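See below for the structure under consideration.
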Number of protein chains: 2
Amino acid sequence: MVAEQLDAPDPETLVGEAKAAFRDGAMLTVQARCEVEYEGRTSGHLGPGDRILVAKPDGTFLVHQPTGHKPVNWMPGGGTVSARTSDGDVVLLARRTNPTERVEARILEAYGVTRFDATDGATYEESGTEAEMHEYIEANPGVLEEGLRIVEHERESKYGFIDFFARDEAGTPVVVEVKRIQATLNHFDQLQRYVSLYEETNDEVRGILVAPSASERVKRALRDNDLEFVGLSEFETDAKGATEAKLTDF
Amino acid sequence: MVAEQLDAPDPETLVGEAKAAFRDGAMLTVQARCEVEYEGRTSGHLGPGDRILVAKPDGTFLVHQPTGHKPVNWMPGGGTVSARTSDGDVVLLARRTNPTERVEARILEAYGVTRFDATDGATYEESGTEAEMHEYIEANPGVLEEGLRIVEHERESKYGFIDFFARDEAGTPVVVEVKRIQATLNHFDQLQRYVSLYEETNDEVRGILVAPSASERVKRALRDNDLEFVGLSEFETDAKGATEAKLTDF
DNA sequence: GGTTGCATGTCGCAC
DNA sequence: GTGCGACGTGCAACC
């Protein structure tokens with residue numbers, strides 16, 4: 001049996017089920033009224049309410065309220081989750097070190113529990129990432145500027161990585177920072193840092209921020225610092241496929 | 001009944017249960033073997049495998065693999081989740097606009113489903129945030145430097161917000177950037193941006209980055225740019241309470 | 001609704 | 001392990 005469900009388990013049953021799931025590497029889901037404590041990088045408390053608790057075999061622990069994308073409390077993988085009874089309640093405790101932190105959920109009433117012996121060998125395949133945008137620019141530097149030549153990709157400098165180091169038609173060095181999304185002030189900062197560094201040891205250098213768009217404030221910051229913005233909203237690693245996908249997407 | 005569980009529901013039953021849950025504002029959890037497609041800011045595909053699916057009444061939709069803190073696919077709240085059958089399979093579709101995107105989970109086999117009529121009025125109370133660190137500094141500017149006076153908190157400037165604008169004992173203006181965690185190059189960037197701006201119109205200005213710690217690279221970047229680092233690892237809004245919490249912790 | 005910056009960010013990759 | 005930057009970042013505050 002892949003999944004086993006128990007309705008309104010009593011504390012002893014729930015602890016037994018949880019311990020067995022943790023031992024066997026199964027995923028555990030609990031619907032319950034509970035209180036939650038977090039102690040670690042910050043500390044916090046969540047009073048009684050109905051939530052879904054999820055424990056994964058890698059030590060991940062999630063507390064989900066009825067609304068919101070993010071779990072209200074959580075523990076990333078790498079640690080351990082344990083179950084015990086305390087004052088008649090079931091307590092699920094997730095902890096890890098580095099940093100040292102803990103999430104403790106006191107279950108006041110369990111409405112349901114599911115043990116799920118999940119096997120999942122698939123990995124998520126994604127396209128449209130910044131890495132692909134880099135590939136596109138490397139293959140088509142002319143979309144940024146006529147005559148631009150890419151000299152180096154992911155060049156390491158004293159203060160960090162430059163996305164592209166290039167030269168324009170006149171041979172002037174160009175530092176290029178690429179963003180997949182609308183450019184922010186932090187992205188301007190990054191470019192400025194790289195350019196400033198280069199200017200310490202070299203006479204002339206241009207800096208270009210490449211992104212689909214940028215706010216006026218970012219554009220002004222660039223302008224005021226003699227940096228440039230290039231809007232690059234469309235890029236295709238496989239133009240035909242991407243277009244077709246759009247046409248059929250309703 | 002707060003939670004209702006069905007074991008290995010057939011497609012029609014699952015769709016009915018899902019539709020009822022969405023209609024009634026209940027949370028839905030499904031343990032299933034499924035495939036997932038995402039189309040939106042990027043696009044991606046996840047082949048068949050066992051996952052936990054969670055749909056919330058606010059339109060949140062989560063796909064959790066057996067490992068990892070983050071859902072492999074998701075939809076933040078604000079959109080809608082719907083259920084239908086397609087080629088004999090149940091398909092859960094979550095979509096929203098701004099940005100326009102969709103997650104579609106094709107359920108190849110459902111092992112269990114839980115409908116959860118959750119009520120949760122509690123809100124999470126947290127302490128130890130950067131906001132509290134700001135309060136502490138504002139009340140105790142001397143911990144940064146003897147004689148420092150805070151002039152303004154959250155001062156807006158042309159390029160962004162300065163955490164603190166202050167003056168030292170000699171009256172020299174000081175721009176202060178505060179980080180709750182170990183300082184990174186991006187945090188150095190931020191401070192540098194504010195200081196550079198101020199230098200355009202003023203003669204002398206100091207810049208201080210306040211954080212519990214900083215990497216050597218960050219410290220060097222600060223030094224090279226005549227900026228300063230102040231380590232501030234401990235801060236207490238209520239020293240007694242925090243100390244006691246530590247002593248009794250675990 | 002757009003912009004800005006925090007976050008218990010998490011995650012992956014390089015050193 | 002630490003450092004650094006991307007992320008379908010999400011999220012709230014402020015305008």
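Because the structure is a prediction, the values reported are computed rather than measured.
The phosphate of C:dG2 has neither OP1 nor OP2 within less than 4.0 Å of any side-chain N or O from A:Q182. Contact annotation: A:N186 side-chain N/O to D:dA6 OP1/OP2 distance is not under 4.0 Å. Look at A:T129 and you won't find any side-chain N or O under 4.0 angstrom from OP1 or OP2 of D:dC7. Between B:R217 and the phosphate of C:dC15, there is no side-chain N or O to OP1/OP2 separation shorter than 4.0 Å. Side-chain nitrogen and oxygen atoms of B:T184 include none within less than 4.0 Å of the OP1 or OP2 phosphate oxygen of D:dG5. For the OP1/OP2 pair of C:dG5 and a distance below 4.0 Å, the side-chain nitrogens and oxygens of B:Y194 include at least one atom meeting the criterion. Checking the phosphate oxygens (OP1, OP2) of C:dA7, no side-chain nitrogen or oxygen of A:R41 falls inside 4.0 Å.
A:E216 comes within 4.0 angstrom of nothing in the nucleic acid, heavy atoms only. Within the nucleic acid shown, B:R193 comes within 4.0 Å of sugar-phosphate atoms alone, with no base atom in reach, counting heavy atoms only. Contact annotation for A:E101: base contact, defined as any heavy-atom pair under 4.0 Å involving a base atom. Within the 4.0 angstrom heavy-atom criterion, base atoms lie near A:Y38. Counting non-hydrogen atoms under 4.0 angstrom, A:E177 reaches the backbone sugars and phosphates but no base.
The CD atom of A:E177 sits 12.0 Å away from atom CD1 of A:I208, with the distance rounded to the nearest 0.5 Å. Here the CG-NE2 distance, from A:L222 to A:H187, works out to 12.0 Å after rounding to the nearest 0.5 Å. Interatomic distance, CD of A:E39 versus OG1 of A:T42, reported as 8.5 Å (0.5 Å rounding). Going from atom CZ of A:F188 over to atom CG of A:L209 covers 9.5 Å, rounded to the nearest 0.5 Å. Taking CZ from A:R193 and CG from A:L197, the interatomic distance works out to 9.5 Å, rounded to the nearest 0.5 Å. Between atom CG of residue B:L62 and atom CE of residue B:M75 there is a gap of 11.0 Å, rounded to the nearest 0.5 Å.
A straight line from CZ of B:R155 to P of D:dC15 spans 16 Å, rounded to a whole angstrom. Summarising the geometry, the separation between CZ on A:F188 and C1' on C:dG5 is reported as 16 Å, rounded to the nearest angstrom. Atom CG in B:D189 sits about 11 Å away from atom P in D:dA6, given to the nearest Å. Between A:L185 atom CG and D:dC14 atom C1' there is a gap of 15 Å when expressed in whole angstrom units. In this structure, B:I181 places its CD1 atom 8 Å from C1' of C:dA7, rounding to the nearest Å. D:dT2 atom C1' lies 14 Å from atom NZ of B:K219, rounded to whole Å. Taking atom NZ of residue A:K179 and atom C1' of nucleotide D:dA6, one finds them 7 Å apart after rounding to whole Å. When the P atom of C:dA7 is taken as reference, atom NE2 of B:H134 falls 8 Å away, rounded to whole Å.
Base pairing analysis places D:dG8 opposite nothing; no Watson-Crick or G-U wobble pair with both distances below 3.5 Å involves it.
As rounded to the nearest Å, D:dC4 and D:dG8 have P atoms that lie 22 Å from one another. C:dT8 and C:dT4: their P atoms are spaced 22 Å apart (whole Å). Atom C1' of C:dA7 sits at a distance of 14 Å from the matching atom of C:dC11, rounded to the whole Å.
Contacts with DNA chain C (heavy atom under 4.0 Å) in residues 51-59 of chain B: none are found. A heavy atom lying under 4.0 Å from DNA chain D marks the following residues of residues 61-79 of chain A, by number: A:H69, A:K70.
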Practice item. Show your working on side chain to side chain contact (heavy atoms under 4.5 Å, CB included) between B:D50 and A:M27 and close with a plain yes or no. Key: CA-CA 10 Å; B:D50 292 341; A:M27 300 175 83; over 6 Å; no

Practice item. Just do the side chain to side chain contact (heavy atoms under 4.5 Å, CB included) check on A:E228 and A:V174 with the steps written out, would you? Key: CA-CA 10 Å; A:E228 300 159 52; A:V174 184; over 6 Å; no

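In this structure, the side chains of B:D189 and A:Q192 stay at 4.5 Å or more apart for every pair of heavy atoms. By the 4.5 Å heavy-atom criterion applied to side chains, A:V143 and A:Y136 are counted as neighbours.
Relative to the side chain of B:F161, the nucleotides C:dG5, D:dA6, D:dG10 differ in distance, and C:dG5 lies closest. Nearest nucleotide to the A:Q190 side chain, out of C:dC6, D:dA6, D:dC4: D:dA6.
Two residues, B:A131 and A:A214, neighbour DNA chain C, and the one matched to the more 5' nucleotide by heavy-atom proximity is A:A214.
Between the side chains of B:T184 and B:N186, no donor-acceptor pair of N or O atoms lies under 3.5 Å.
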